[in-house]
Amino acid sequence: MNITGNKHITDWIAEVAAKAKPDRIVWIDGSEKQLEELRELAVKSGSMIKLNEEKLPNCFLHRTDPDDVARVENRTYICCKNEEDAGPTNHWMEPSAMYKKLDGILEGSMKGRTMYVIPYSMGVIGSPFAKYGIELTDSTYVVLNMVIMTRAGKEVLEALGDSADFIKGIHTQGTLDKENKYIVQFPEDNTIISVNSNYGGNVLQGKKCFALRIASNLGRKEGWMAEHMLILGIENPQGEVRYVCGAFPSACGKTNLAMLIPPEGYRINGWKTWCVGDDIAWLRPGKDGRLWAVNPENGFFGVAPGTSMKSNPNALECTHEGTIFTNVALDTSDNTVWWEGMTKTPPAHAIDWLGKPWTPESGTKAAHPNSRFTAPARNCPCKSPEFDNPNGVPISAIIFGGRRAKTAPLVYQSRDWNHGVFVGSIMASETTAAANGDVGVVRRDPMAMLPFCGYHMADYWQHWIDMGKKANNLPKIFNVNWFRTNDDGCFIWPGFGDNLRVLEWILKRCFNETDAKECALGYVPYESDINLEGSGIDEETLSSLLYIDSELWRKEAADIREYYTSFGAKVPKELWESLETLENNLK
Ligand code: OXD
Ligand code: MN
């Protein structure tokens, strides 16, 4: 039965149903009663395993098909009319050709299945930031994840009223055929279609598909920004909370930074941290000339392996109730979960992510390296009191980062907004760094948006430059590198909570509370301005972390020149100018 009179929605659903031919259509109203029934159904059908109710109340384990365990960048498309608009970093197909292909796959795909209608909101329903979507899916797993990750249910339909302003999403698991897996965004039609996958990053469409690929297009049109960024509030002993956004490529500790616990000395002095978001930020200029950010999500879809009481107790705490685990190991001794890095001692017996008996002697991983938890934000011990603020939080600093063994210093500040855009555009991580200290292979990942920018990357840089003209009290832009190594290939900086020492300096810079040294890259701290008390790092070591090797940077600049050239004529002139300044500074 329809639960809305909105014809734009009901006509579209009828059209999809005529194609996919589900046995029945169920509207997700968001009620606990309905969700409870769906959980029961998922357990009965074998799609989810109920975990120990005492230790992990309302938690479930799901195993995906072994070939369906991660996002599939090579099967992810941006389908706009002109190929040039998708740019060189996206896969593209002409929209009508792609619709034809997908229609073939959708035809009859839901026969014998239920089609769920999930009305969901990215952002607080009714807030100035909110954008609405409807995902049609034949997967109960998708429904149960989407209600954690977004604000979903009939309130969204009420907020939409008769409007046609929503993102249309269709998902079918199909047959999970690897050769016919497609994750497709049609930015000109505000439409997303994912087929033949049931893995979160591909099919929880609110996340990467909507909140980044489609939303980056909306933001460009409407004058705001959709970014792959965490949002963190830092409260100083005076009780003042200042906010930063941070973009990092994967495997740089983004979730750890988003839920950072201050070092003991800081905690004693009254420092606190508040998580607003761990993955996505939507930013808009406010009337006060600052950029204001919201996290459009309502949960965390975090990587499980490596999450422990030591690395990220807050994230672990998030998973203790109402969480769906995907592809982790089942600890059969007490019907709980385990993954590599959770505890030093693995369980003596487990069922691995493939559903097979496992012991520590098996010689294989018990959990898939990309196994996940889908946890409600309400569980986060450091959830910001501003999490649901409809106007978001004002951002003082934007922090870019990457994993570089030798090149990038621990921290540097850009000279101004446009130079900061340059710093974001050249972001990179080294994929491998050999133990002998050799620098690994560099993969550029501008603003950590490489797989998520829904249009031409150089147009996206231009949008950043243009946004700089829309606000007169912009965040300052910084770059950090927690991963400098010594000659033995060991990390020098302790990282984790100690990163707050660097964040403190960053925030002081934003409020003109500390000085800095000018260098070829921008500004770096005076050694004495970073609080090292209790860090185990002395000023000499800090000096080595801040050292800029001109020879390496000359090579870096040459590599950037080549990289920019690959984007053709669209690269903004301001970025070329920043590159020239860097080259001159290094002479
Ligand atoms: C994620 C990602 O899952 O960036 O958040 O891949
Ligand atoms: Mn991400």
Side-chain angles (χ1 to χ4, degrees), residues 62 64 68-76 89-90 122 141-142 145-146 148-150 181 183 185 192 194 197-216 225-232 245-259 275-283 293-307 312 315 318-319 323-328 339 367-377 380 398-403 424 427-429 431 443-454 460:
H62 170 81
T64 66
D68 191 31
V69 292
R71 285 187 293 101
V72 279
E73 287 176 21
N74 61 341
R75 310 212 62 97
T76 299
T89 57
N90 284 310
M122 301 313 293
Y141 172 75
V142 166
N145 275 269
M146 282 292 283
I148 297 174
M149 292 304 297
T150 72
K181 204 175 274 214
I183 315 303
Q185 286 73 202
I192 303 163
S194 324
S197 174
N198 201 29
Y199 169 77
N202 299 326
V203 300
L204 308 181
Q205 293 182 343
K207 196 174 183 61
K208 308 297 189 183
C209 305
F210 180 163
L212 290 175
R213 298 194 192 100
I214 294 286
S216 58
M225 305 162 86
E227 300 300 331
H228 190 201
M229 289 180 177
L230 63 89
I231 312 170
L232 174 66
C245 278
F248 296 82
S250 50
C252 286
K254 190 170 154 202
T255 306
N256 294 345
L257 188 64
M259 297 182 187
C275 177
V276 183
D278 74 325
D279 196 37
I280 296 173
W282 285 358
L283 297 116
V294 296
N295 167 13
E297 301 189 281
N298 202 22
F300 307 114
F301 184 61
V303 176
T307 306
N312 195 339
C318 290
T319 68
T323 293
I324 299 173
F325 297 92
T326 302
N327 291 340
V328 302
W339 49 76
H368 187 276
N370 190 37
S371 53
R372 299 278 176 151
F373 54 80
T374 313
C380 182
I398 289 176
I399 302 171
F400 294 120
R403 193 178 262 270
M427 255 175 74
S429 250
T431 48
R443 185 196 193 231
R444 297 228 173 259
D445 187 355
M447 285 85 169
M449 283 288 276
L450 192 60
F452 307 120
C453 180
Y460 165 75

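Atoms within each ligand, like the ligands themselves, are counted from 1 in listed order.
- For atom 6 (O) of ligand 1, the closest non-hydrogen atom on the protein side is R71 NH2, 2.9 Å.
- In this structure, K254 falls outside the shell of residues with a heavy atom less than 4.0 angstrom from ligand 1.
- Among heteroatoms of the N, O or S kind in D279, OD1 lies nearest the Mn ion (ligand 2).
- Those atoms of ligand 1 that come under 4.0 Å of a heavy atom in D279, given as number and element, are 5 (O).
- Polar contact check, K207 against ligand 1: no nitrogen or oxygen pair lies under 3.5 Å apart.
- The Mn ion (ligand 2) lies at 2.8 Å or more from every N, O or S atom belonging to K207.
- Taking atom 2 (C) of ligand 1 as the reference point, the nearest protein heavy-atom neighbour is K208 NZ, 3.4 Å.
- Contact annotation: for R372 versus ligand 1, heavy atoms closer than 4.0 Å belong to the side chain alone.
- Residues D445 and L450 share a closest heavy-atom pair of OD1-N, 3.0 Å.
- In summary, of the residues considered (T319, N298, T323), a side-chain contact (heavy atoms from CB on, under 4.5 Å) with P376 occurs for T323 alone.
- Among all heavy-atom pairs drawn from K254 and L230, the shortest one is O-CD2, 3.5 Å.
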**Worked check of side chain to side chain donor-acceptor pair (under 3.5 Å) between N312 and T307** = CA-CA 6 Å; N312 195 339; T307 306; over 6 Å; no
**Verdict with supporting geometry, D68 and N202, side chain to side chain contact (heavy atoms under 4.5 Å, CB included)** = CA-CA 10 Å; D68 191 31; N202 299 326; 4.2 Å; yes
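- Heavy-atom contacts of H228 reach the following atoms of ligand 1: 4 (O) (cutoff under 4.0 Å).
- Interatomic distance, OG1 of T255 versus CZ of F300, reported as 8.5 Å (0.5 Å rounding).
- Between F325 and W339, the ring planes are tilted. Angles from 30° to 60° get that label.
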